[in-house]
Amino acid sequence: ERVSLISKHRICETAIVAALLGAGAVHAQTGSGASVAPFLKIPVGARLMASPDAVAGMRPDASLVYSNPAFLTGIDGAEVFLSSGQWLDELSFSSLAAAVPLGAHHTVLGVGTTLLYSGGLDGYDAASNVVSEESYYDLGVDVAIARRFASTGVSLAAGAVYVREHTLPSDGSGYALHLGASWWHGANLLHAAVRDIAGSLSFPSGTWDIASEWMAGAGHVFNSGAGQFFAGMQASSSDVYGNRVRVEKCSFDRYMGRTQ
């Protein structure tokens with residue numbers, strides 16, 4: 001019954017990630033050596049779902065703690081981000097994040113939590129008979145610190161995520177690490193990040209790796225009398241969704257002030 005619950009759990013998670021990221025294939029990852037916690041790859045908030053991270057990073061908010069935390073050095077003051085969505089019957093994804101400048105605003109602390117919850121997941125016996133209906137959840141708690149070096153335009157960040165997964169008959173927990181960097185050069189923004197590295201999730205029955213994610217991108221700010229236009233592209237890769245490239249021609253923000 002436990003294997004059936006975990007299988008349906010991860011198939012559901014991976015299918016959602018693939019649908020949101022436009023992946024061409026979905027793989028059920030339930031066996032030894034397979035990766036777990038694909039919910040960590042779900043884009044958090046409308047901005048990260050709608051545009052490449054490089055474009056979102058030109059006007060950062062607290063949600064970017066779930067992307068490249070180096071972007072957090074661009075916020076003007078303390079910010080709080082909250083998002084919640086009901087995707088399918090009894091399946092929801094919620095997130096809460098905060099970013100707080102420290103000292104002279106060259107250093108920013110970011111914290112956040114994400115929760116993927118589902119109720120009504122059937123369990124089966126050896127004869128494939130439904131024997132129970134259970135709920136499960138995946139919880140991630142992120143902490144990151146970012147530092148901007150004003151004289152160079154470079155920002156560096158490091159962080160970690162604690163992961164807890166509730167399944168039957170026992171829970172599992174683990175962690176993963178994040179690293180990120182960004183560089184403003186005039187109206188151009190370059191960035192690179194790696195998330196969920198050196199991570200694993202441990203259950204009493206065994207340990208599974210958390211798939212890492214690599215991303216790199218670039219963006220440009222176009223100024224006009226009507227406002228500012230952003231354009232950018234990004235490449236990323238993960239065992240959860242494969243390889244992808246995202247391009248956004250432009251994003252308009254007439255109220256945005258100085259880029260840096």
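- Counted by atom type alone, Y137 and E165 present zero donor-acceptor pairs between their side chains at under 3.5 Å.
- Atom CG of residue L177 and atom OG of residue S212 lie 11.5 Å apart, to the nearest 0.5 angstrom.
- Across all non-hydrogen atoms, the minimal contact from L72 to G110 is CD1-CA, 4.0 Å.
- Contact of the S67 side chain with the M215 side chain is registered, since non-hydrogen atoms from C-beta on lie closer than 4.5 Å.
- Here the CG-CD distance, from L40 to E213, works out to 9.5 Å after rounding to the nearest 0.5 Å.
- Between the side chain of W184 and the main chain of L190, no donor-acceptor pair closer than 3.5 Å is present.
- Y117 and V141 fall within a single hydrophobic cluster, where Ile, Leu, Val, Met, Phe, Trp and Tyr are joined by side-chain heavy atoms under 4.5 Å apart, directly or via other members.
- At a threshold of 4.5 Å between non-hydrogen side-chain atoms, the residues T107 and I145 count as touching.
- Side-chain polar atoms of H178 and D142 form a donor-acceptor pair below 3.5 angstrom.
- Looking only at atom types and distance, the side chain of N243 has a donor-acceptor partner in the side chain of S237 under 3.5 Å away.
- Across all their heavy atoms, Y175 and A198 have their closest contact at CE1-O, 3.7 Å.
- Residues N188 and W183 fail the side-chain proximity criterion, which asks for heavy atoms closer than 4.5 Å.
- Side-chain contact check for S202 and T207: at least one donor-acceptor pair (N or O, by modelled atom type) lies under 3.5 Å.
- L201 contributes atom CG, which lies 10.0 Å from atom CG of D209 (distance to the nearest 0.5 angstrom).
- Residues V161 and F203 share a single hydrophobic cluster, defined by chaining ILVMFWY side chains whose heavy atoms lie under 4.5 Å apart.
- Side-chain contact between I75 and D61: absent, with no pair of heavy atoms (C-beta onward) separated by less than 4.5 Å.
- Looking only at distances, no side-chain donor or acceptor of T73 sits under 3.5 Å from a matching main-chain atom of R147.
- Nearest heavy atoms, L179 versus I197: CD1-CD1, 4.1 Å.
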Criterion side-chain contact (heavy atoms from CB on, under 4.5 Å) on L139 and V163, from CA distance to verdict: CA-CA 6 Å; L139 174 69; V163 182; over 6 Å; no
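- Remark: L96 CG to S83 OG distance equals 10.0 Å, nearest 0.5 Å.
- Under a cutoff of 6.0 Å and an axis angle of 45°, R244 and Y241 form a cation-pi pair.
- Taken to the nearest 0.5 Å, the NE2 atom of H166 stands 13.5 Å off from the OG atom of S173.
- Checking side-chain atoms of R195 against main-chain N and O of Y66 turns up a donor-acceptor pair under 3.5 Å.
- Taking CG of L102 as the start and CG of L109 as the end, the distance is 5.5 Å to the nearest 0.5 Å.
- Across all non-hydrogen atoms, the minimal contact from K41 to A211 is NZ-O, 2.7 Å.
- Taking each heavy atom of F71 and S182 in turn, the nearest pair found is CE2-CB, 4.0 Å.
- The two residues F81 and S95 have their closest heavy-atom pair at CE2-OG, 3.5 Å.
- No side-chain heavy atom of L115 sits less than 4.5 Å from a side-chain heavy atom of F39.
- Separation of the H220 and F230 ring centroids does not fall under the 6.0 Å cut-off.
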